[in-house]
Amino acid sequence: MTKGNDTRITDELYAYMLAHNPPLDAVQRELVETTYARFPDHAGMQSAAEQGPLLAFLVRLTGARHIVEVGTFTGFSALAMAQALPTGGSLIACDISEEWTAYGREAWAKAGVADRIDLRIAPALDTLRAMPSEPHIDFAYLDADKGNYIPYWEELVPRMRPGGVIATDNVLFHGGVTDPEATGGAAAIKEFNDHVGADVRMDSVLLTVADGLTLSRKK
């Protein structure tokens, strides 16, 4: 197999990339900085800075009006997607932490999009299973506990409208997916990636964005 190029993402090149993407607005930047300051041991759970503009771009590109997010943490990704929604659009955010999502609630209110976000504090599988079973979701962002990625996927896919897109984060799991002896989260992501690749209901591509991002389109 021949690799297409050998570009290494140095700190300088990463900064260049960020400088040539849409900048985070004041509320987004404050939320990112607050997350790192308040939760330094968990801040890696936050979507990367470049993913906010990318998710917003995908929401606009797909014309999404109904979004589901599985795994909200402090609300950066939900904020970016909600800001990209058209008038009347809505986002259901699934999480189990009142503490973490409280920072999201504050940021959403500051940005004027709190009325677009329906935060549901409960196990995400329960929230997904309570949704209408017919296809109605335009866009979904999956970024939660890795051991449940396949069950989340199986609840989301039947509910995606034709042409709807699922974006799944952390599909490279810090490089752990190449370890033949992988355990824990890395093993779960390896199994998930194989599951997605074999799912004939979806067209999927795995990209080297941040910690790996798979985009899947409902046929």
Side-chain angles (χ1 to χ4, degrees), residues 9-121 124 127 137-144 165-171 174 207-215:
I9 305 300
T10 61
D11 290 345
E12 293 77 13
L13 193 55
Y14 184 72
Y16 179 90
M17 177 271 294
L18 291 179
H20 287 79
N21 272 336
L24 302 188
D25 65 29
V27 179
Q28 292 175 343
R29 175 57 59 191
E30 181 183 11
L31 180 56
V32 168
E33 292 174 354
T34 298
T35 299
Y36 275 90
R38 297 292 178 87
F39 305 109
D41 294 336
H42 299 284
M45 293 168 57
Q46 183 171 248
S47 295
E50 65 270 28
Q51 288 176 290
L54 175 59
L55 289 169
F57 179 86
L58 291 170
V59 168
R60 296 187 183 102
L61 183 67
T62 58
R65 298 183 62 85
H66 186 187
I67 300 172
V68 174
E69 176 179 71
V70 183
T72 296
F73 190 38
T74 58
F76 170 62
S77 51
L79 172 60
M81 291 187 288
Q83 290 174 308
L85 277 168
T87 301
S90 63
L91 186 157
I92 295 174
C94 307
D95 208 280
I96 57 172
S97 173
E98 290 278 10
E99 179 187 11
W100 290 340
T101 56
Y103 292 89
R105 288 183 189 271
E106 183 178 346
W108 305 335
K110 285 183 180 178
V113 297
D115 61 333
R116 302 180 185 181
I117 301 174
D118 177 6
L119 176 61
R120 301 187 183 181
I121 301 296
T127 299
I137 302 171
D138 301 313
F139 189 83
Y141 183 44
L142 177 52
D143 185 20
V165 171
I166 302 175
T168 306
D169 199 19
N170 302 117
V171 293
H174 318 294
L207 306 173
T208 55
V209 174
D211 188 32
L213 185 73
T214 292
L215 300 181

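By the ring-ring contact (aromatic ring centres under 6.0 Å, His included) test, His42 pairs with Trp100, sequence neighbours left out. In this structure, the side chain to side chain contact (heavy atoms under 4.5 Å, CB included) partners of Ala56, at least two apart in sequence or on a different chain, are Arg60, Ala84. Remark: Phe57 pairs with no residue by the ring-ring contact (aromatic ring centres under 6.0 Å, His included) rule, at least two apart or across chains. Contacts of Asp143 classified as salt bridge (Lys or Arg N to Asp or Glu O under 4.0 Å), with partners at least two apart in sequence or in another chain: Lys146. Checked against side chain to side chain contact (heavy atoms under 4.5 Å, CB included), Leu215 has the following partners two or more places apart in sequence or in another chain: Leu58, Ala167, Val205, Leu207, Leu213. In terms of the side chain to side chain contact (heavy atoms under 4.5 Å, CB included) criterion, residue partners of Glu12 (sequence neighbours excluded) are, by chain and number, Thr10. Considering only residues two or more places apart in sequence or on other chains, Thr35 meets the side-chain hydrogen bond (donor to acceptor under 3.5 Å, both in side chains) condition with Gln46, Thr74. The salt bridge (Lys or Arg N to Asp or Glu O under 4.0 Å) check on Glu50 picks up nothing, with sequence neighbours excluded. For Asp138, the side chain to side chain contact (heavy atoms under 4.5 Å, CB included) criterion is met by Ala64, Arg65, His66, Arg161, not counting sequence neighbours. Scored by the salt bridge (Lys or Arg N to Asp or Glu O under 4.0 Å) test, Asp118 finds Arg120 as partners (sequence neighbours excluded).
Remark: Ile96 CD1 is loosely packed, at most 12 non-hydrogen atoms of other residues, nucleotides or ligands lying under 6.0 Å away.
Rounding to the nearest 0.5 angstrom, the gap separating the CG atom in Leu119 from the CD atom in Glu69 is 9.5 Å. Atom OG of Ser77 and atom CG of Leu31 lie 9.5 Å apart (nearest 0.5 Å). A distance of 9.0 Å separates OH in Tyr141 from OG1 in Thr168, rounded to the nearest 0.5 Å. Between the OG atom in Ser47 and the CG atom in Leu54 there is a gap of 10.0 Å [rounded to 0.5 Å]. In this structure, the separation between OG1 on Thr214 and CG on Asn170 is 10.5 Å, given to the nearest 0.5 Å.
Among residue pairs with one or both ends in residues 94-106, those qualifying as salt bridge (Lys or Arg N to Asp or Glu O under 4.0 Å) are Glu106-Lys110; sequence neighbours excluded. Listed by first and then second residue, the side chain to side chain donor-acceptor pair (under 3.5 Å) pairs that reach into residues 79-92 are Asp25-Gln83, Gln28-Gln83, sequence neighbours excluded.
Of all the heavy atoms in Ala78 and Ile117, the pair that sits closest is O-CD1, 4.0 Å. Shortest non-hydrogen contact noted between Phe139 and Thr62 is CD1-OG1, 4.3 Å. Taking every heavy atom of both residues into account, Pro22 and Pro53 meet most closely at O-CG, 3.4 Å. For the residue pair Tyr103 and Arg38, the shortest heavy atom distance occurs at OH-NH1, 2.8 Å. Scanning both residues, Cys94 and Thr127, for their nearest heavy atoms gives SG-CG2, 3.7 Å. Among all heavy-atom pairs drawn from Ala107 and Val27, the shortest one is O-CG1, 3.4 Å.
For the pair Leu91 and Arg116, the minimum side-chain heavy-atom distance is 4.5 Å or more.
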